[in-house]
Amino acid sequence: MQLNQLETGVLFRNSMPHVKSVHAYFPSVAVLSDGSLLGLFSLGEAFEAVNLQLHWSRSIDQGQTWHYQGQLNPATPDRLTSTFGRVTTTPDWELLANLIRYDRSAHPDEGLSNPDTLGLVPAELLLMRSGDRGKTWNEPEAVTPPLVGPAFEMCSPITVLRDGRWLWPTSTWRGWDGELPNGNRMLALVSHDQGQSWNESLDIMHSPDDHLIFWESKVLELPDGRLLAVAWCYDEAAGTDRPNHFSFSTDGGASWSTHASTGLSGQTLTPHILDDGSLLCVYRRLDEPGLWACHARLNEHGQWENQDQLPLWGTHSSAGTTRTGENMSENFAALKFGAPHIVRLSDGQLFVSFWCYEQNVSLIRWFKFTVS
């Protein structure tokens with residue numbers, strides 16, 4: 001694999017860090033019908049600050065420069081909330097922003113997760129839409145999932161399948177006190193009516209003993225019609241990460257192969273389908289420092305094959321950017337980069353965005369290239 005015409009730049013960075021604390025996290029980018037780009041990200045005082053909210057920027061020059069547009073989600077003056085989300089477009093160019101809004105009112109001086117149980121504060125799922133390239137957005141629509149989480153992870157944009165279904169990849173997550181009635185499951189919420197209702201879910205990955213947790217899940221549709229799911233796999237019983245896992249379905253998600261290792265030692269794996277049906281995977285690597293790109297393939301026998309790997313960022317300066325202790329709440333708080341997102345631009349180049357700390361400020365950085 002060769003990355004051609006490799007360029008990098010910044011989608012968002014606090015221009016006055018000496019005056020105010022504003023850090024950027026968790027980006028996603030959508031390509032609009034006119035070729036312009038819309039970037040969505042969270043801004044706040046810190047990684048799990050109670051004032052984290054969704055903001056967005058626009059680019060009209062293929063991502064070279066970005067123009068900040070403001071906060072996307074409306075405020076909640078009656079309670080203390082923080083909001084996270086991802087953005088994508090449908091085949092008819094409707095913009096979709098799927099959101100999770102966390103209620104911090106009961107724990108204003110805590111992070112998102114309880115260090116004693118790994119449980120999250122209460123969360124609600126929302127959907128925002130725009131039919132005019134982001135000029136106007138509807139009010140957030142409440143999404144009622146078909147099962148109790150009680151909380152869910154915000155990790156992926158909505159995937160629009162060729163049969164018209166919308167998939168919202170996510171994972172169940174414990175409530176603040178540790179309740180988890182349906183176990184640790186990677187799943188995808190399903191809508192058959194373009195987001196009006198979400199009455200079904202695909203049960204994709206779980207372990208019989210419930211010791212494995214699947215985070216940062218993604219689902220995409222391969223050219224041959226198979227569905228591919230990937231996830232960061234954490235072994236809670238052993239207190240350690242396993243290699244990223246994958247599973248696939250040949251029947252539209254009704255059943256899935258037994259989840260298995262991709263052989264990639266890392267977290268926050270994001271795959272993107274290349275023209276020949278192979279995969280560009282970008283992830284936070286654990287056996288080597290930094291953010292890496294890997295060329296991979298799911299062969300016709302359902303086996304994952306890794307080919308070339310190339311570093312993108314942080315291979316020489318990422319000391320202290322991850323933590324692998326036994327308490328995952330503390331590990332989350334120590335992270336200093338991750339959550340890559342990949343989109344194909346109108347000129348055919350691939351655009352990778354992710355968050356990272358540089359000079360003690362968390363910003364959204366991008367790379368742009370072609371693959372040969």
Between [X] and [Y]: side-chain donor-acceptor atoms closer than 3.5 Å:
X	Y	value
D203	S201	no
T370	Q349	no
E48	Y25	no

Does the salt bridge (Lys or Arg N to Asp or Glu O under 4.0 Å) test come out yes or no for R242 and E236, once each step is laid out? CA-CA 10 Å; R242 291 193 182 183; E236 189 173 26; over 6 Å; no

Identify whether the distance between the nearest side-chain nitrogen and carboxylate oxygen of [X] and [Y] falls below 4.0 Å.
X	Y	answer
D275	R344	yes
E7	R365	no
E153	K218	no
R129	E141	yes

What's the separation between atom [atom1] in [X] and atom [atom2] in [Y], rounded to the nearest 0.5 Å?
X	Y	atom1	atom2	result
F214	W232	CZ	CH2	13.5 Å
S247	H206	OG	NE2	11.0 Å
W56	L95	CH2	CG	8.5 Å
S21	M16	OG	CE	13.5 Å

Under the criterion side-chain hydrogen bond (donor to acceptor under 3.5 Å, both in side chains), I'd like the reasoning laid out for S346 against Q62: C-alpha separation, chi angles, the key distance, then a yes or no. CA-CA 8 Å; S346 57; Q62 297 288 284; 3.1 Å; yes

Check against side-chain hydrogen bond (donor to acceptor under 3.5 Å, both in side chains), W313 and E358: CA-CA 11 Å; W313 178 91; E358 296 179 359; 2.9 Å; yes

Using every non-hydrogen atom in the two residues, find where T172 and G149 come nearest and quote the distance to one decimal. CB-O, 3.8 Å

Please enumerate all residues that pass side-chain contact (heavy atoms from CB on, under 4.5 Å) together with S249, with sequence neighbours excluded. L227, D251, W256

Keeping D235 on the side-chain end and G239 on the backbone end, is there a donor-acceptor pair under 3.5 Å? no

Kindly check if the number of other-residue, nucleotide or ligand heavy atoms within 6.0 Å of CG (L6) is above 12? yes

Does K368 make a cation-pi contact with F351 (under 6.0 Å, within 45 degrees of the axis)? no

